[in-house]
Amino acid sequence: MTERRIIGDPAIVQEETLAQKKCGKRIGVVPTMGALHKGHLELIRRAKAECDFVVVTVFVNPVQFAPTEDLQKYPRTPEQDWELLKPMNVDIVFMPTEKEIYLAGYDTYVETGELSKRFEGKTRPAHFRGVATIVLKLMNIASPDAAFFGQKDYQQFCVVRKMAADLNLPVEIVACPTVREPDGLAMSSRNRYLSLEERKQAAAIPQSLKVAQNMRNAGVADAKEMRKNIQAVLETSPLAEIDYIAIADPLTLEEISVIPSMPQNLLSQQRGMRLLVPENPTPRAVVLLAVRFGKTRLIDNCLLY
Ligand code: AMP
């Protein structure tokens with residue numbers, strides 16, 4: 001891979017993006033950990049549609065993995081990633097090594113707050129600290145006007161958006177809809193770990209979210225009842241081990257017992273916070289879940305309007 005657009009050195013990316021910015025270009029960044037799939041490509045498409053100069057990063061960030069997690073095993077497919085990226089014609093593919101990102105003696109981290117302690121944070125206590133740290137570094141390296149994230153990792157999107165607001169980052173944090181397989185399973189680099197049987201049964205996840213949406217459409221406001229029905233659908237898969245099912249405020253991620261008929265707060269209208277779906281801009285709640293199939297832990301979510 002000796003293509004001119006692949007850069008590993010953060011200083012070169014910084015120089016190039018600053019020069020583009022000076023020329024008035026709108027810079028977009030799409031952070032990924034590689035093992036790319038159609039979900040990632042959608043983020044890139046959106047970034048290209050909205051920006052003049054697009055940087056895609058491919059970096060498996062060790063700082064967001066606990067020692068017991070799957071860092072070593074995490075799929076690394078740089079050649080295939082490049083094959084997918086080539087036709088996308090992005091301006092820079094930033095593929096640094098660990099040493100290029102975390103220089104010897106590296107010792108500075110972003111401390112995230114309450115948002116990062118729930119749900120994923122309970123199972124993965126240092127995860128969002130690692131995510132926030134690498135995202136802030138990428139922002140400083142590429143000076144983006146907009147950064148594109150998937151709704152698939154909804155809590156991550158919330159934590160990053162909060163960091164951007166709290167730390168006055170001059171960047172718009174954009175969430176893009178989850179891209180799914182034909183049976184509804186959210187695309188994920190981790191799906192490849194599933195056995196055939198696990199993969200088949202994992203379709204219960206989107207089915208359970210559909211039930212939540214149908215209940216909402218039928219006017220159900222009782223979160224406990226909704227949770228019970230989601231659980232019942234998941235339990236139709238003998239291999240599913242439920243980690244959590246939560247119905248929460250879409251901005252604060254605090255769990256709620258009643259799904260409100262009006263949006264609870266207008267925080268999302270603050271500057272720099274693009275609403276998730278422009279044509280349907282006021283989600284009342286978010287359903288978040290994590291389910292294990294064998295050794296693979298899958299997360300998914302849906303917004304309720
Ligand atoms: P990852 O490589 O898993 O760290 O993901 C990089 C970005 O792609 C994150 O913002 C994810 O939320 C997003 N992403 C992952 N899977 C999907 C998907 N199925 N649809 C949309 N975005 C996704």
Side-chain angles (χ1 to χ4, degrees), residues 28-50 54-65 69-71 73-78 80-82 84-85 88 90 93-96 98 101 116 119-120 124 127-139 142 144 146-164 171-194 199 202-203 205-206 209 274 276-277 286 288-290 296-303:
V29 161
V30 182
T32 83
M33 297 207 298
L36 299 180
H37 52 66
K38 285 186 194 147
H40 297 114
L41 300 186
E42 268 313 302
L43 303 190
I44 297 171
R45 231 165 256 137
R46 174 93 172 260
K48 285 196 54 143
E50 296 195 6
V54 172
V55 180
V56 175
T57 71
V58 176
F59 179 62
V60 182
N61 176 33
V63 175
Q64 69 193 60
F65 288 79
E69 289 176 358
D70 60 348
L71 172 63
K73 210 176 89 183
Y74 196 85
R76 289 166 176 83
T77 57
Q80 282 145 270
D81 289 347
W82 175 237
L84 288 171
L85 286 169
M88 301 296 294
V90 298
V93 176
F94 180 38
M95 270 197 203
E98 207 178 306
I101 287 288
S116 63
F119 315 128
E120 288 306 288
R124 312 183 68 190
H127 175 65
F128 288 117
R129 166 187 189 255
V131 169
T133 300
I134 189 66
V135 170
L136 183 59
K137 279 170 77 67
L138 293 175
M139 307 272 181
F148 296 82
F149 292 85
Q151 188 197 312
K152 154 80 171 47
D153 298 280
Y154 189 78
Q155 190 176 5
Q156 167 174 281
F157 162 65
C158 293
V159 169
V160 168
R161 184 176 61 174
K162 186 84 174 89
M163 172 181 74
V171 59
E172 186 181 12
I173 306 300
V174 183
C176 306
T178 302
V179 178
R180 296 176 180 279
E181 301 285 358
D183 67 352
L185 183 67
M187 290 192 178
S188 162
S189 308
R190 289 189 168 98
N191 290 352
R192 67 188 72 196
Y193 300 152
L194 298 168
R199 170 64 190 80
I205 294 178
L209 293 175
R274 170 91 58 88
L276 284 167
V277 185
V286 59
L288 300 153
L289 45 86
T296 311
R297 188 167 171 282
L298 302 177
I299 58 170
D300 203 346
N301 67 82
C302 73
L303 293 166

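Ligands are counted one by one from 1 in listed order, and the atoms in each one are counted from 1 as well. What you see is a predicted model, and the numbers here were worked out from it, not measured in a lab.
The ligand atoms of ligand 1 that sit less than 4.0 angstrom from a heavy atom of T32 are 2 (O), 6 (C). Residue-ligand proximity, F149 to ligand 1, at heavy-atom distances under 4.0 Å covers atoms 10 (O).
When the heavy atoms of G150, A186, S189, G39 are ranked by distance to atom 10 (O) of ligand 1, first place goes to G150.
In this structure, the side chains of R76 and V60 come closer than 4.5 Å at one or more pairs of heavy atoms. In this structure the side chain of I205 reaches within 4.5 angstrom of the side chain of L289, judged on heavy atoms.
Contact check on D70 versus R297 returns no salt bridge, with no Lys/Arg side-chain nitrogen under 4.0 Å from an Asp/Glu carboxylate oxygen.
In this structure, F94 has its ring center no closer than 6.0 Å to that of F59.
Contact annotation for H40 and ligand 1: only side-chain heavy atoms (C-beta onward) come within less than 4.0 Å of the ligand. Neither the backbone nor the side chain of V30 has any atom closer than 4.0 Å to an atom of ligand 1 (non-hydrogen atoms only). Contacts between P31 and ligand 1, counted as non-hydrogen atom pairs separated by less than 4.0 Å, involve the backbone only. Only the side chain of K152 comes within 4.0 Å of ligand 1, counting heavy atoms alone; its backbone N, CA, C and O stay farther away. Contact annotation: for P177 versus ligand 1, heavy atoms closer than 4.0 Å belong to the backbone alone. Proximity of H37 to ligand 1, defined as any heavy-atom pair under 4.0 Å, is confined to the side chain (atoms from C-beta onward). Here Q156 has side-chain heavy atoms under 4.0 Å from ligand 1, and that is the only part of it that gets that close.
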field: Test log, rule side-chain contact (heavy atoms from CB on, under 4.5 Å), inputs Q151 and N301
entry: CA-CA 8 Å; Q151 188 197 312; N301 67 82; 2.9 Å; yes
- prompt: Could you walk me through whether Y193 and Y74 pass the side-chain contact (heavy atoms from CB on, under 4.5 Å) check?
  reply: CA-CA 10 Å; Y193 300 152; Y74 196 85; 4.1 Å; yes
- request: Determine, step by step, whether M33 and S189 satisfy the side-chain contact (heavy atoms from CB on, under 4.5 Å) criterion, reporting the C-alpha distance in whole Å, the side-chain angles of both residues, the deciding distance to 0.1 Å, and the verdict.
  value: CA-CA 9 Å; M33 297 207 298; S189 308; over 6 Å; no
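Some N or O of M33 is nearer than 3.5 Å to an N or O of ligand 1, by distance alone. Remark: ligand 1 and M187 share an N or O pair separated by less than 3.5 Å (distance only, no angle test). Of the N or O atoms in L43, none lie within a sub-3.5 Å distance of an N or O in ligand 1.
Judged purely by atom type and a 3.5 angstrom limit, Q155 uses its side chain to pair as donor or acceptor with the backbone of E120.
Among protein heavy atoms, atom 20 (N) of ligand 1 sits closest to V179 N, 2.8 Å. Here the protein heavy atom with the shortest distance to atom 11 (C) of ligand 1 is D153 OD2, 3.0 Å.
Here E69 contributes atom CD and H127 contributes atom NE2; the two are 7.5 Å apart, rounded to the nearest 0.5 Å.
Tested against M187, the residues R180, E42, H37 include a single side chain to side chain contact (heavy atoms under 4.5 Å, CB included) partner, H37.
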